[in-house]
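Structure record follows, encoded as structure tokens.
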Number of protein chains: 2
Amino acid sequence: MSDTTSRILRLLSLLQTHRDWSGSELAGRLEVSPRTIRRDIDRLRDLGYPVHASAGVAGGYRLQAGASMPPLLLDDEEAVAIAVGLRFAAGGSVAGIDEASVRALAKLEQVLPSRLRRRVNALQTYTVPMTYGDGGPTVDPDALICIAQACRDLERVQFDYKAKDGAETQRLVEPHRLVSLGRRWYLVCWDVDRRDWRTFRVDRLTGCLPEGVHFHPRELPAEDAAAYVAASISSTYTRYQVEVKLHSSKADLRGKVRSQDGQLEEIDNKSCLLRTTGDSLEWIAAWLGWFGVEFEIIQPPELIEYVRDLAARLTGSASTSA
Amino acid sequence: MSDTTSRILRLLSLLQTHRDWSGSELAGRLEVSPRTIRRDIDRLRDLGYPVHASAGVAGGYRLQAGASMPPLLLDDEEAVAIAVGLRFAAGGSVAGIDEASVRALAKLEQVLPSRLRRRVNALQTYTVPMTYGDGGPTVDPDALICIAQACRDLERVQFDYKAKDGAETQRLVEPHRLVSLGRRWYLVCWDVDRRDWRTFRVDRLTGCLPEGVHFHPRELPAEDAAAYVAASISSTYTRYQVEVKLHSSKADLRGKVRSQDGQLEEIDNKSCLLRTTGDSLEWIAAWLGWFGVEFEIIQPPELIEYVRDLAARLTGSASTSA
DNA sequence: ATCCTGCGGTCAGAATCTGACCGCAATGGG
DNA sequence: CCCATTGCGGTCAGATTCTGACCGCAGGAT
């Protein structure tokens with residue numbers, strides 16, 4: 001076959017690697033004539049990837065952002081970095097892109113060479129948890145990817161599931177959709193043995209194995225998968241609205257209260273109102289302690305008890321340590 | 001020009017989108033004959049991207065992981081997810097891949113359509129900080145990207161720099177290398193006005209503007225950039241070795257002490273030894289409180305005072321709130 | 001003005017591409 | 001075993017595309 005396709009991809013890769021290239025540099029690199037390079041640049045433009053050109057002494061070609069994404073040509077380390085970053089994003093820490101993250105991750109891991117996969121797994125130790133301090137179990141990225149790929153490919157999978165009461169079962173399912181809700185992943189699927197719909201928490205799921213058998217999608221008895229999950233899980237997920245008056249100026253708290261953690265509103269030059277939400281009063285109590293300032297809890301009232309308990313424990317621990 | 005390159009990229013995209021495709025499906029999608037699809041599959045194989053084929057009733061083609069990464073064909077949301085994930089990874093939270101993350105980010109953001117860039121920026125609010133609780137300033141991803149691209153393209157940049165004492169200056173530099181050290185990004189560069197090498201902290205740098213003027217790389221007066229940074233910054237960066245005996249079984253602490261946070265070693269069925277390192281005793285004190293158990297500090301001794309102070313503050317704050 | 005860059009048309013000769021046709025091989029189900 | 005459905009790869013004729021060389025033009029910096 002012709003070398004044109006291969007060369008176009010190499011050209012695209014070069015243009016992504018450094019921003020500015022002269023036609024003669026590209027021609028030398030790709031071992032074709034400058035006229036052919038000019039044609040290749042036109043080919044890229046025809047594909048929808050704008051290449052800006054400037055003539056003259058400091059002239060050359062420059063790949064620019066266009067209306068759509070070109071293919072990404074990545075080296076090994078870049079691919080690993082993307083995989084690790086996506087594992088974080090898929091962990092539910094960034095609302096709004098978790099499903100796209102899983103999709104991208106399924107795509108990337110499908111083609112990731114095994115030596116790079118080993119490197120990603122070696123770095124897995126360092127994957128930051130879903131949120132800091134919520135103390136919840138973390139999702140195994142491999143399980144998440146396996147399920148995502150099965151959903152995508154309409155392929156049955158089997159896995160081991162550990163229920164809330166500790167009971168372990170093996171399941172064979174037709175995965176319908178992954179749903180991220182309340183920072184957790186749920187799998188909505190058809191349970192083949194029980195011949196009914198089921199919802200599983202992905203963090204409780206291990207040993208995911210694709211069966212290699214395809215299925216025809218079924219119609220879910222709900223408007224959509226997210227609604228189905230929301231109806232299935234009991235509302236044990238409580239979220240506290242927290243308001244605390246901090247005895248400090250807003251400027252002194254800069255860098256400690258980040259916008260994703262809570263909203264800081266200046267009362268006067270000596271105090272601020274902090275508003276946040278959270279599902280662990282234990283954690284919130286410790287976090288408030290970290291600011292290094294006195295504070296006054298406005299709501300919820302039950303937080304006061306947690307702060308009191310924490311204070312007592314720390315007092316006891318400090319005297320034990322002295 | 002021919003449609004072959006375009007079609008190959010579309011084929012690659014389809015193969016990345018779903019795992020299994022029959023030849024006739026692909027032929028219909030791409031509006032060519034099945035014989036042409038077979039040729040295109042061979043073209044992908046010649047490019048180094050293995051496509052597995054199975055004949056028979058459930059047969060078809062499947063793109064597999066090979067020795068190298070193929071180009072990644074991404075949709076809009078996938079690109080945004082990758083950008084957000086990479087911003088996290090470039091933030092220094094994952095040791096070992098931060099430089100590759102920045103490189104990948106520079107590459108991605110070069111071609112990211114502006115409407116997607118706006119979405120990434122809108123999601124920036126939710127980007128998780130470098131580490132949880134170290135209280136340090138966060139790096140502006142746009143500044144990091146701008147600098148990374150300037151290093152890559154050998155292009156002068158100017159920026160505003162706010163030094164430790166609060167003094168603000170404008171700088172024109174030839175960026176040499178970005179170095180990640182101690183979870184911070186440093187820029188090693190040649191200061192054009194001062195005609196000398198300088199090291200800048202990226203989190204103190206704003207208003208990065210490429211000058212459009214290229215420079216020839218200079219030889220750095222050090223073995224490498226990392227060594228140069230290490231020699232340049234004063235050792236105000238202290239890292240504490242922490243050892244604490246926790247009065248709890250290892251099983252009860254599962255989920256609270258993660259491997260990246262510290263190492264948990266069982267003493268007996270009622271206590272564990274926790275080892276970790278950190279640069280903020282304030283934070284470590286609060287973190288220890290969060291476990292919900294009594295503890296005994298073995299080292300460092302100065303941590304005891306921090307715990308005592310925290311306890312006092314929490315005690316005062318709880319009674320103010322009651 | 002000179003030099004260095006990009007630009008795009010034209011040409012001849014070579015190379016490649018396509019669909020159609022063919023016979024073969026592998027797989028699963030009846 | 002037979003049948004249907006899948007992948008495979010060679011061959012052919014006709015059409016299309018590709019390449020380097022050559023040319024004259026345009027833009028930008030010095």
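Below, read A as the first sequence line, B as the second, and so on, with proteins coming before strands; counting in each chain starts at 1.
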Interatomic distance, B/Asp3 CG vs D/dC18 C1' [rounded to whole Å]: 15 Å
Value in whole Å for how far the P atom of C/dT16 lies from CG of B/Asp42: 15 Å
Would you tabulate the nitrogen or oxygen pairs shorter than 3.5 Å linking the protein to nucleotides 11-16 of chain D?
from, atom 1, to, atom 2, distance (Å)
D/dT11, O4, B/Arg39, NH2, 3.3

Note: A/Glu109-A/Arg87 ion pair, threshold 4.0 Å (strictly below): yes
Value in whole Å for how far the P atom of D/dT6 lies from NE2 of B/His52: 17 Å
Spacing between A/Ile37 atom CD1 and D/dG20 atom P, to the nearest angstrom: 9 Å
Proximal nucleotide (of C/dT5, C/dA26, C/dC3) relative to the B/Ala55 side chain: C/dA26
Side-chain heavy-atom pair B/Glu211, B/Leu172 within 4.5 angstrom cut-off: yes
Sidechain-backbone polar pair: A/Asp191 side chain, A/Arg194 backbone, donor-acceptor under 3.5 Å: yes
Net bend of the helix from C/dA1-D/dT30 to C/dG30-D/dC1, end axes of five pairs each, nearest 10 degrees: 50°
Sugar-phosphate, base or nothing in reach of B/Arg62, heavy atoms under 4.0 Å: nothing
Member of B/Tyr186, B/Tyr161, B/Trp185 meeting the ring pair (Phe, Tyr, Trp, His ring centres under 6.0 Å) criterion with B/Phe200: B/Tyr161
Test log, rule salt bridge (Lys or Arg N to Asp or Glu O under 4.0 Å), inputs B/Asp42 and B/Arg39: CA-CA 5 Å; B/Asp42 279 343; B/Arg39 289 196 183 102; over 6 Å; no
Charged N-O contact under 4.0 Å between A/Arg7 and A/Glu31: no
Heavy-atom donor-acceptor pair, B/Arg38 side-chain to D/dG7 base, under 3.5 Å: no
Distance below 4.0 Å between A/Ser54 side-chain N/O and C/dC4 OP1 or OP2: no
DNA chain D contacts among residues 16-27 of chain B, heavy-atom distance under 4.0 Å: B/Ser22, B/Gly23
Spacing of B/Tyr61 atom OH relative to D/dG9 atom P, expressed in whole Å: 9 Å
Of B/Asp40 and B/Val57, the one whose closest DNA chain C nucleotide lies more 5': B/Asp40
A/Arg198/A/Glu174 salt bridge by N-O under 4.0 Å criterion: no
Rounded distance (Å) that lies between atom P of C/dC17 and atom CG of B/Leu11: 14 Å
OP1 or OP2 of D/dC8 under 4.0 Å from side-chain N/O of B/Arg45: yes
Pairing of B/Asp76 and B/Arg115 as salt bridge, 4.0 angstrom limit: yes
A/Arg62 side chain near A/His18 side chain, heavy-atom distance below 4.5 Å: no
Spacing between B/Asp46 atom CG and D/dG9 atom P, to the nearest angstrom: 11 Å
Charged N-O contact under 4.0 Å between A/Asp193 and A/Arg171: no
Sugar-phosphate, base or nothing in reach of A/Ala58, heavy atoms under 4.0 Å: nothing
Side-chain touch B/Val188/B/Val179, heavy atoms, less than 4.5 angstrom: yes
Interatomic distance where CZ belongs to A/Arg7 and P belongs to C/dA15 [whole Å]: 15 Å
From A/Tyr228, A/Trp190, A/Trp197, residue fulfilling ring pair (Phe, Tyr, Trp, His ring centres under 6.0 Å) relative to A/His176: A/Trp197
